[in-house]
*Asks:* 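Below is the structure I would like to discuss, written out as structure tokens.
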Amino acid sequence: QVQLVESGGGLVQSGGSLRLSCAASGTVQGIVTMGWYRQPAGKQRELVALITSGGATNYVDSVKGRFTISRDSAKNTVDLQMDGLKPDDTAVYYCNAEVKLRFWTNLHTYWGQGTQVIVSS
């Protein structure tokens, strides 16, 4: 019941910045958390950052101090500002939403299509 559309990926040099954006549509009032995951080629997908409906945030240690997640409830978007990018940040980045409606017993997880981020040396 939630659709996620991502934008902002691309190619950047080490030390540069990118801003990823994810637009949510559908039953957006049921969103509990939104976040960003990433999956480097040949490796496991990992949580990068998340933000709850109350504004609490969580980051993987490797991006703390460099990445900032934010949410705009009016626009139903979540952004990931990525500064000081490193080659190790190269991955496909996926937007994620956890949704709970009153008639559901469990959270439902929704994913965006993924956007490629490449950081060159």
*Asks:* If you take all heavy atoms of Ser121 and Ser14, which pair is closest and at what distance?
*Replies:* CA-OG, 3.6 Å
*Asks:* Report the distance from atom CE of Met82 to atom CG of Leu20, rounding to the nearest 0.5 Å.
*Replies:*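 One finds 3.5 Å between CE of Met82 and CG of Leu20.
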*Asks:* Can you sort out the partners of Lys43 under side chain to side chain donor-acceptor pair (under 3.5 Å), two or more places apart, ordered by chain and number?
*Replies:* none
*Asks:* Does either side chain, that of Asp72 or that of Thr77, offer a donor lying less than 3.5 Å from an acceptor on the other one?
*Replies:* no
*Asks:* Do the side chains of Val119 and Tyr37 join up, straight or via other hydrophobic residues, at under 4.5 Å, putting them in one cluster?
*Replies:* no
*Asks:* Do you know which two heavy atoms are closest between Gln1 and Leu101, and how far apart they sit?
*Replies:*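 Taking every non-hydrogen atom into account, OE1-CD1, 2.7 Å.
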*Asks:* Do the side chains of Lys86 and Asp89 get close enough for a salt bridge, i.e. N-O under 4.0 angstrom?
*Replies:*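 No salt bridge links Lys86 with Asp89.
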*Asks:* Check which hydrophobic residues are tied to Leu107 through side-chain heavy-atom contacts below 4.5 Å, counting indirect links as well, and list them.
*Replies:* Val32
*Asks:* Take Thr109 and Glu98 through the test side chain to side chain donor-acceptor pair (under 3.5 Å) and record every step on the way to the result.
*Replies:* CA-CA 5 Å; Thr109 302; Glu98 298 285 334; 2.9 Å; yes
*Asks:* How close do Tyr110 and Val2 get, heavy atom to heavy atom, and via which atoms?
*Replies:*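 Looking at all heavy atoms of both residues, the closest pair is CD2-O, 3.2 Å.
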*Asks:* Gln3: what forms a side chain to side chain donor-acceptor pair (under 3.5 Å) with it, not counting sequence neighbours?
*Replies:* Ser25
*Asks:* Does any pair with a residue in residues 58-105 pass ring-ring contact (aromatic ring centres under 6.0 Å, His included), and if so which ones, sequence neighbours excluded?
*Replies:*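 Listed by first then second residue: Trp104-His108.
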*Asks:* Are the charged groups of Arg19 and Asp79 less than 4.0 angstrom apart, N to O?
*Replies:*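 Looking at Arg19 and Asp79, the cut-off is met.
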*Asks:* Do you reckon Val117 sits in the same ILVMFWY cluster as Leu47, going by side-chain contacts under 4.5 Å, direct or chained?
*Replies:*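 Different hydrophobic clusters.
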*Asks:* Provide the closest heavy-atom pair for Ala49 versus Leu80 in the form atom of the first, atom of the second, distance.
*Replies:*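 Shortest heavy-atom separation between Ala49 and Leu80 comes out as CB-CD1, 4.1 Å.
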*Asks:* Side chains of Arg38 and Glu46, heavy atoms from C-beta outward: is any pair under 4.5 Å?
*Replies:*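 Yes, their side chains come closer than 4.5 Å.
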*Asks:* What's in the same ILVMFWY side-chain cluster as Leu11, cut-off under 4.5 Å, chained through other members?
*Replies:* Ile118
*Asks:* Thr68: what forms a side chain to side chain donor-acceptor pair (under 3.5 Å) with it, not counting sequence neighbours?
*Replies:*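 For Thr68 there are no side chain to side chain donor-acceptor pair (under 3.5 Å) partners, ignoring immediate neighbours.
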*Asks:* Distance check, rounded to the nearest 0.5 Å: Asn96 atom CG versus Leu50 atom CG?
*Replies:*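 Result: 8.5 Å between the selected atoms.
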*Asks:* I need the Asn76 CG to Arg71 CZ distance, nearest 0.5 Å.
*Replies:* 8.5 Å
*Asks:* Where do Gln116 and Val92 come nearest, in terms of heavy atoms and distance?
*Replies:* OE1-CG2, 3.4 Å
*Asks:* So how far is it from Ile51 CD1 to Asn58 CG, rounded to the nearest 0.5 Å?
*Replies:*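 Between atom CD1 of Ile51 and atom CG of Asn58 there are 11.0 Å.
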*Asks:* For the atom pair NZ (Lys100) and OG (Ser53), what is the distance rounded to the nearest 0.5 Å?
*Replies:*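 Answer rounded to 0.5 Å: 13.0 Å.
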*Asks:* Should we say atom CD of Gln113 is surrounded by more than 12 heavy atoms from elsewhere, each under 6.0 Å from it?
*Replies:* yes
*Asks:* So, for Cys95 and Val78, which heavy atoms are closest and what is the spacing to 0.1 Å?
*Replies:*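 Nearest pair, atom of Cys95 first, then Val78: SG-CG1, 4.0 Å.
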*Asks:* Rounded to the nearest 0.5 Å, what's the gap from OG on Ser70 to CD on Gln81? Could you check?
*Replies:* 8.5 Å
